[in-house]
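This report refers to the structure that appears directly beneath it.
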Amino acid sequence: MPAAVLSSAPTIPTVPLTAQLLDSLRAIVGEKGLIVDDHGKQPFVTDWRGLTVGAAGAVVRPASTAEVSKVVRLCHEHGVAIVPQGGNTGLMAGATPWPAHTGIVLSLGRMNHVLNVDPVGYTMTVEAGCVLQTLQETAAEHDRFLPLSLGAQGSCMIGGNLSTNAGGVQVLRYGNARNLVLGLEVVLANGDVWDGLRALKKDNCGYDLKHLFMGAEGTLGIITKAVLKLWPAPKDVCTAWLAIRDPRAAVEILSEAHAASEDNVGSCEILSRAAVDLVMRHIPGVQDPIKADNPWYLLLEWSSSRPRQDGTEGMSEKMERFLADQLEAGRVLDAVIAQTVSQSRNMWRIREGMAEAHRAEGPGLSFDVSVAISKIPEFVDKGLKAVLEILPTIRPYPLGHIGDGNLHFSFMGPLGMDQQTLNQYKGAITRAVNDLITSMGGSISAEHGIGMDKLDELSHYRSKTELDIMRTIKRALDPQNIMNPGKVLRV
């Protein structure tokens, strides 16, 4: 499916790369920092889902902030559009160039150094191209914890995580990606470098500029470095897999878990039976923790930085007592607590393998929405009913981060239906889901962003005042509209 999911493509700069400009870029980044052949460019102009394919005159891979600055300045001087890109794992085509794009894709992958770890001050200073899992492991080597965690962590990069304000499975305790940042370094649209790389928890000198660039999806500037917050490493972790009565029970379980765990709830993920079965079909090596035909499951994890002492009650004992109470209340129908790290990893592999399994299953639709936690059961009931009324044979696979109100309201096409046919229903289904979530005070994009896929939806659901404010900021920082043009909002 090409990028024609929009009612119309936005206007973007189409200044071509001349031979002279290519020579200038090569002089900045070197031969290994420039990709101009079609085969080499292909992974950079294709989104992770394989659904959206764009174009680029070249892929530029700078190795330092100085090189990024020089590349951006050159492009600014000649009106050449830039699409910044990290690990290219996004789901909204936010890092994918439009088919009409004639400028560059600027990949941060070579800027992958951990510059400093301060375990005493609980901070880590990193370059934007560092892979998230590498940063998690580096923090662990210093007995510290970086809580940002998502399914793509083995290939996504921290610059992209921050540019999209990534969510993940630890948001309910630690917040989104922007909550994990103390300072940033950013290359602006004219090539200037803003150095806000300060490891300060208090810095009240006017506007907090770093928050402009987190969640902006590379449309205002390019994040090149970050100071990240760290936490004490978890020493006592308990992971449980629960068969539950329904989404209402999930919300009630979560509500009571905060006190029962002594504020140690780390993650709370809801999964439908259909979603679990999807992973069982497509992800090798996973095992079903509870082999029962129950419609809903909950993945619940509690963790503490305090090591369990002999003779004292730890997370596992607290969880056992809590689950016994929930079984008696009828909210939990069956439960298993991981006894080994391997069992815990298996439970998490089921949850983290969802996007991969969806891609393998075939044609589908997915909505990344959020609503107040207490309203999740109502949204699930009404949302499923609305979609099934439009296409009764569609197959629902709801799941998500119920702990922070974020549902991935996903559907696979009826068996035998191709993506082109399913897309004939997409407009009506999208409007039904987004109308409902908006009527309930929710958001049409919880953590995946807008990219190019939700441009029309953002314009439809956000007020003129809000859109005008965003356009004003965009025009102030990028008057030529060369930074990831045609993403997030129309200008």
Side-chain angles (χ1 to χ4, degrees), residues 12-46 54-88 95-115 125-131 157-160 162-163 184-197 213 217-226 477-487:
I12 62 172
T14 54
V15 175
L17 283 179
T18 64
Q20 183 177 1
L21 283 173
L22 285 173
D23 287 342
S24 298
L25 289 169
R26 188 176 288 108
I28 296 170
V29 299
E31 200 65 51
K32 69 177 181 179
L34 189 66
I35 301 173
V36 295
D37 64 286
D38 290 340
H39 178 74
K41 290 187 292 186
Q42 197 62 29
F44 298 89
V45 300
T46 306
V59 176
V60 183
R61 304 178 66 236
S64 67
T65 299
E67 289 186 4
V68 174
S69 175
K70 291 177 182 178
V71 168
V72 173
R73 191 176 302 280
L74 178 70
C75 290
H76 176 263
E77 290 171 353
H78 293 85
V80 173
I82 302 168
V83 175
Q85 190 176 99
N88 197 22
T96 307
W98 285 91
H101 181 68
T102 56
I104 69 169
V105 170
L106 193 149
S107 170
L108 280 299
R110 291 176 68 199
M111 295 177 59
N112 56 8
H113 299 96
V114 176
L115 303 175
T125 305
V126 304
E127 289 186 313
C130 291
V131 172
M157 297 175 189
I158 192 64
L162 302 184
S163 293
L184 291 180
E185 178 188 82
V186 179
V187 174
L188 304 178
N190 63 357
D192 288 351
V193 179
W194 171 59
D195 184 0
L197 210 62
F213 302 99
E217 300 182 40
T219 61
L220 301 180
I222 301 172
I223 295 173
T224 49
K225 295 188 181 81
L477 293 179
D478 181 19
Q480 293 189 71
N481 189 30
I482 65 168
M483 295 300 297
N484 214 3
K487 308 292 176 63

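Excluded from the calculations below are hydrogen atoms, water molecules and symmetry mates; all remaining heavy atoms, backbone and side chain alike, are included. As the structure is a prediction and not an experimental result, all values here were calculated from the model.
Although no hydrogens or angles enter the test, the distance criterion places no donor-acceptor pair under 3.5 Å between the side chain of Glu185 and the main chain of Thr224. In terms of modelled atom types and a separation under 3.5 Å, the side chain of Asn484 and the main chain of Gly218 share no donor-acceptor contact. Lys225 contributes no side-chain N or O that, together with a main-chain N or O of Asp195, makes up a donor-acceptor pair within less than 3.5 Å. The backbone N or O of Gly486 sits less than 3.5 Å from a side-chain atom of Trp98, completing a donor-acceptor pair. Using a distance-only test at 3.5 Å, with no hydrogens or angles considered, no donor-acceptor pair links the side chain of Glu217 to the main chain of Lys487. Distance alone, capped at 3.5 Å, places no donor-acceptor pair between the His76 side chain and the Gly79 backbone. For the pair Asp23 (side chain) and Ala27 (backbone), a donor-acceptor distance under 3.5 Å is absent. Under the 3.5 Å distance criterion, the side-chain polar atoms of Thr102 are matched with a main-chain donor or acceptor of Val15.
Side-chain contact between Val45 and Thr96 is absent, with no heavy atoms from C-beta onward closer than 4.5 Å. Side-chain atoms of Asp192 and Arg73, non-hydrogen and from C-beta on, do get closer than 4.5 Å to each other. Side-chain contact between Asn112 and Val131 is absent, with no heavy-atom pair separated by less than 4.5 Å. Residues Leu25 and Leu17 have side chains in contact (heavy-atom distance under 4.5 Å, counting atoms from C-beta outward). A 4.5 Å side-chain heavy-atom check between Ile82 and Val72 finds at least one atom pair inside the cut-off. The shortest side-chain heavy-atom distance between Met483 and Leu188 does not fall under the 4.5 Å cut-off.
From Arg110, atom CZ reaches atom NZ of Lys32 across 5.0 Å, with rounding to the nearest 0.5 Å. Rounding to the nearest 0.5 angstrom, the gap separating the CG atom in Leu220 from the CG atom in Asp478 is 7.5 Å.
Pro62 and Ser107 get closest at one heavy-atom pair: CD-O, 3.5 Å. Here the closest heavy-atom approach between residue Val187 and residue Ser69 is recorded as CG1-CA, 3.9 Å. What you find for Pro84 and Ala95 is that their closest heavy atoms are O-CB, 4.0 Å. Annotation for Val80 and Ile482: closest pair O-CB, 3.6 Å, computed over non-hydrogen atoms. Across all their heavy atoms, Ala55 and Pro99 have their closest contact at CB-O, 3.5 Å. Closest heavy-atom contact between Thr46 and Asn88: O-ND2, 2.9 Å.
Each of Val71, Ile35, Leu108, Leu106 was compared with Arg61 under the side chain to side chain contact (heavy atoms under 4.5 Å, CB included) criterion, and only Ile35 meets it. Exactly one residue among Ile223, Ile222, Val186 makes a side chain to side chain contact (heavy atoms under 4.5 Å, CB included) with Ser163. That residue is Ile223.
No more than 12 heavy atoms of other residues, nucleotides or ligands lie within 6.0 Å of NZ in Lys70, so this atom counts as exposed by the packing criterion. Within a 6.0 Å sphere centred on CG of Asp37, other residues, nucleotides and ligands contribute more than 12 heavy atoms.
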